[in-house]
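Structure first, then comments.
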Amino acid sequence: MTDAKKSIHGEWSSRSAFILAATGSAVGLGNIWKFPYITGENGGGAFVIVYLLCVALIGIPIMIAETMLGRRGRENPVHTMQVLSKEAEADKRWHYLGWLGMTGGLLILSYYSVIAGWASAYVFKAFFGSFFGADVTAIETLFRDFIGSPMQLIFWHTLFMMATMLIVARGVDNGLEKSVRILMPSLFILLTLLVMYAMTTSGYFQGIHFLFNLDFNKLTGNSLLIAMGQAFFSLGLGMGCVMVYGAYLPKNISIAKASIVIATVDSLVALLAGIIIFPIVFTHELNPSSGPGLIFETLPIAFGSMTGGWLFGVLFFVILVFAALSSAIALIEPTVCWLVESKGVTRERACLQSGLVTWVLGFGTIFSFNLWSDVKFFGLTFFEVLDYLTANIMLPIGGLAIAVFAGWMMKQQHSRQELDMPDPQHYQIWLFLIKYIAPAAVFLVFLHVMGAL
Ligand code: PFF
């Protein structure tokens, strides 16, 4: 049915372009900022193993499914689900999955942009030598003063949102594709150099021990949910982002192979970030469970005292901002795609409208760190509520729905045709994972957290 159909937004020019863009969406603050601090808060090694298991058994099969749905539907997530549920003769309400994704994407972007704003500010702090010779207390004070200032956070959040809107307005091939071609390889080179630095620190082995030591006693039910949520967050699943990227994917590209490459690179970047950060944490006797400020309070110490630290510092934060940008454009793309396709507005206007909504929402996160730091809902700040709601609830529900649709609703002849795996056994493995393992795992983790297990 969809063979001749192409997305009106254009297509990726090649397999590598798609892999780069999807890796760009996957690799971001989730890997470098979030993975280390939640690993720190959840006790280290055992959490990392659960996280990697979630990536392999739940994340990869769902990534394959989400890309496949996107490519078959070729439109924004809402329309794609409408088209596909009709084809599958399933309930029309499946299109709500598209709405869930688009809403979640904008909610995530609203706080993602604030944190990316911190990284942008740190590029300048690094450039003007703020870390030079600074000790632990000075770096902590620098960070606290910074997040305590709403005006500064608003400034950087605004700048980051404007950059995101500008790139997205330029379209699939010009905006998205070009930016990731340079960013991803540079990120890898820099991370490797920083790993080499971490190996020279006195806390290296302690850091590695923390990251890979399996102490399951430290793992709570909530840690399981957080590990699973992080797998979804880091791979960028369940929000329709992978679905729209799939909609721009030419027919002849193997979705399964591409998904495995993307998930592997994504996990590698997260592990590399951990291998860099924890040795520095232990060398300077810092607290690994200090929360969202972790990388901003640890890495500057290293940059301030190592040879070449000025250059490394500037480059690191520049690359972090770019990695965040390539994820931010993925977060906003489903809504932009929907506005263009169903409301008939221009791409520029669609970016402006969705960007404005996100920008305003971002103020809630900004104030969570200063003016509203005492305003709590169920003991959590606005930012923490948003993060918990999106990563631990909306993304897994979105992922669960994708798994159920692809595994149970869609006709097997269609998924088999779309995935076109050369070895029929590979298709059977995927089908088993998507039908039984992924939905059961998500469901069990939810039950466990609700105290029913
Ligand atoms: N995967 C991105 C990261 O790890 O930073 C963030 C993200 C992108 C989350 C796209 C969700 C999403 F749909």
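Both backbone and side-chain heavy atoms feed into the values below; hydrogens, waters and symmetry mates do not. Counting starts at 1 for both ligands and their atoms, following the listed order. Sequential numbering from 1 along the given sequence is applied to the chain's residues. Since this is a predicted model, take the numbers as computed values, not measurements.
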Using a distance-only test with no angle check, is there a side-chain donor-acceptor pair under 3.5 angstrom linking Thr220 and Ser223?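 There is such a pair between these side chains.
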
Quick one: do the Tyr248 and Glu333 side chains pair a donor with an acceptor below 3.5 Å?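 There is such a pair (donor and acceptor under 3.5 Å, judged by atom type) between the side chains of Tyr248 and Glu333.
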
Salt bridge (Lys or Arg N to Asp or Glu O under 4.0 Å) contacts in which one or both residues fall within [range], not counting sequence neighbours:
range: residues 265-275; answer: none
range: residues 22-44; answer: Lys34-Asp387
range: residues 396-410; answer: none

Could you check whether Glu384 pairs with Lys376 (Lys NZ or Arg NE/NH1/NH2 to Asp/Glu carboxylate O, under 4.0 Å)? no

Are any protein N/O atoms closer than 3.5 Å to the N/O atoms of ligand 1? If there are, list each pair with names and the distance to one decimal place.
from     : atom 1 : to     : atom 2 : distance (Å)
ligand 1 : 1 (N)  : Ser25  : O      : 3.0
ligand 1 : 1 (N)  : Ala26  : O      : 2.9
ligand 1 : 1 (N)  : Phe233 : O      : 2.8
ligand 1 : 1 (N)  : Ser234 : O      : 3.0
ligand 1 : 4 (O)  : Ala26  : O      : 2.9
ligand 1 : 4 (O)  : Gly30  : N      : 3.4
ligand 1 : 4 (O)  : Asn31  : OD1    : 3.3
ligand 1 : 5 (O)  : Leu29  : N      : 3.1
ligand 1 : 5 (O)  : Gly30  : N      : 2.7
ligand 1 : 5 (O)  : Tyr112 : OH     : 2.4

